[in-house]
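One structure is given here, and the rest of the page talks about it.
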Protein chains: 2
Amino acid sequence: MAKSNAALIKSRLSAAHEDYLKAIYILGAQGAPVTNSALAEFLGVSPASATNMVKKLDELGLVEYEKYREILLNDSGRRVALEVLRHHRLLELYLHEQLNLTWDQVHDEAERLEHVMSDVLEDAITAALGDPTHDPHGDPIPTKDGRIAPVEGMPLSQAEPRQAYRLVRVLVQDAKRLTYLGSMGLYPNATVILSKRSPFDGPLLIEVNDEPQALDYRLARQILVAPAA
Amino acid sequence: MAKSNAALIKSRLSAAHEDYLKAIYILGAQGAPVTNSALAEFLGVSPASATNMVKKLDELGLVEYEKYREILLNDSGRRVALEVLRHHRLLELYLHEQLNLTWDQVHDEAERLEHVMSDVLEDAITAALGDPTHDPHGDPIPTKDGRIAPVEGMPLSQAEPRQAYRLVRVLVQDAKRLTYLGSMGLYPNATVILSKRSPFDGPLLIEVNDEPQALDYRLARQILVAPAA
DNA sequence: CGTTACTTTTAGCCATGGCAAAATTTTAAC
DNA sequence: GTTAAAATTTTGCCATGGCTAAAAGTAACG
Ligand SMILES: [Mn+2]
Ligand SMILES: [Mn+2]
Ligand SMILES: [Mn+2]
Ligand SMILES: [Mn+2]
């Protein structure tokens, strides 16, 4: 046979297919079952459109799917999803490190580039970055053979007061919020100390690299930290 | 008005639109009138498909077109074409210079990336390269405001024997032939001397950076040179 | 356990950008 | 000028990936 089955499948996948698979992976990684409506909302399409595409992905042998049930990636689908996610996060890091795009600019750019990147370019970027493991938001970059580091860290909202933590990951996606967090120095590897909690899920008083800052509780839940080394 | 007319038009253009406009520009720049069949062949689509798209481009106000006649870009269309061409050639150079792709790999990659590159990325690449004027094949890069340097150089096939020339541009597109030319050192800025012509449009004996080489006449016609400084 | 609210699928539509085959127009040859 | 060849357009088709509205299924509540 000239091509592997995997290569045959992959060559037929459009950007839409890839975004759906990646979305199913990301939603699944968040713990909850992947429903049609969650998928549709995540991708900004109608539920009818999501049903339509999920049926196609099932026929292509990329997801396990039965009407009205949870949508599950199978091994083939997960492999594709992780490859696209690798592209995305490598691109985000490259754009940030080598081309000085800000961490709130890189997502939208990577969202398009991820679908048109050749293997040669993927390898060139990997080499230029020295085989990196995490993107600018602290998200782990899947390896070329489809492995991905487990989620580390706990929400800053649950940190012990007065302990020094290292910021490991920012789950915030919104560009404006990222800009704001960056203005406080809340990037991966920043040193963060929780000085004081407010009652009623109120704002946290924190120190970021020794600077005092106030941080909204909802944002603090989306910032993951680990005890400082 | 919130957006300029130009911005309104541009936001609706697909990769297909952009490739057609770029193709019309490139074919036109080669001197001959742009016919439907030439356009179809250049893009690898059927003549019916080309007709269909050209009609759309006419309706969008990007080309001047009347049935059975030559296809002409108007100012709007030329502006778009030059912007896409700028993307293409900036990308080719960036991929070659910064990511070490070979000059025969960059075209296919740029052909896809050119359509999904934001203004921010374009500017970042421009800055990283120091506002370059020519791509790895010696093709001029249009400026951001849509100007493009005129074609310089004469075909190597018409060079004066024993004179030192500087290679300025390689019109060859085929990846295999580019690899071959590269193996002889026939890159832009190489010093080339025509040692001897063969009769009957036969091969040329040349010196490339002081190394003797034999070069097919048909390839020599696609290599442009200028008298060495 | 039946009714209601919610989710999901189905049905039918649309725009895009391809194609092949047939019809038409232009061009070239006589 | 007529005719044959070549180029171009028209016609009708297809796959893709959206959408809305209507139908159907699932789940939750009293
Ligand atoms: Mn995407
Ligand atoms: Mn990220
Ligand atoms: Mn292109
Ligand atoms: Mn080029």
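Here is the naming used below: chain letters follow the sequence lines, and residue numbers restart at 1 for every chain.
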Point to revise | B:D174 bridged to B:K176 by N-O distance under 4.0 Å | key: no

Review point. Between C:dT26 atom C1' and B:N36 atom CG, what is the distance in whole Å?
Key: 13 Å

Exercise for review: Round to a whole Å and report the spacing from CE of B:M53 to P of D:dT8.
Suggested key: 18 Å

Review point. Between D:dG17 atom P and A:L21 atom CG, what is the distance in whole Å?
Key: 12 Å

**Study point:** salt_bridge(A:D139, A:R169) N-O dist < 4.0 Å
**Key:** yes

Check your understanding: Closer than 4.0 Å, any side-chain N/O of B:S46 to the OP1 or OP2 of C:dC19?
Key -> yes

Practice item. Just call it for B:S37: base, sugar-phosphate, or nothing, with non-hydrogen atoms closer than 4.0 Å on any strand. Key: sugar-phosphate

Practice item. By nearest nucleotide on DNA chain D, pick out whichever of A:K67 and A:A16 is the more 5' one. Key: A:A16

Check your understanding: Looking at the side chain of A:H17, which of C:dG18, D:dT10, D:dG17 is the nearest nucleotide?
Key -> D:dG17

Check your understanding: Toward the 5' end of DNA chain D, which comes first, A:A50 or B:Y65, by nearest nucleotide?
Key -> B:Y65

Check your understanding: Of all the nucleotides listed (C:dG18, D:dT10, D:dG17), which has the minimum atom distance to the side chain of A:K56?
Key -> D:dG17

**Study point:** Residues which pass salt bridge (charged side-chain N to carboxylate O under 4.0 Å, His left out) with A:D58, listed by chain and number, not counting sequence neighbours
**Key:** none

Check your understanding: Can you tell me if B:R78 uses its side chain to pair, donor with acceptor, with the backbone of B:L73 under 3.5 Å?
Key -> yes

Review point. How long is the line joining CG of A:D19 and C1' of D:dG18, in whole Å?
Key: 14 Å

Check your understanding: Are any of B:T51's side-chain N or O atoms less than 4.0 Å away from OP1 or OP2 of D:dT10?
Key -> no

Study note, to complete from the structure: Quick note, A:S49 side chain, CB onward, closest among D:dG17, D:dG18, C:dG18 is D:dG18

Point to revise | Whole-Å gap separating P (C:dA11) and CG (A:N52) | key: 13 Å

Exercise for review: Check the distance between D:dT16's P and A:E59's CD and give it to me in whole angstrom.
Suggested key: 10 Å

Study note, to complete from the structure: To the nearest angstrom, the OH-P distance between B:Y68 and C:dT24 comes to 9 Å

Check your understanding: Counting any heavy atom closer than 4.0 Å, what does B:A48 reach on the DNA or RNA strands: base, sugar-phosphate only, or nothing?
Key -> base

**Study point:** Any A:D135 side-chain heavy atom under 4.5 Å of A:H96 side chain
**Key:** no

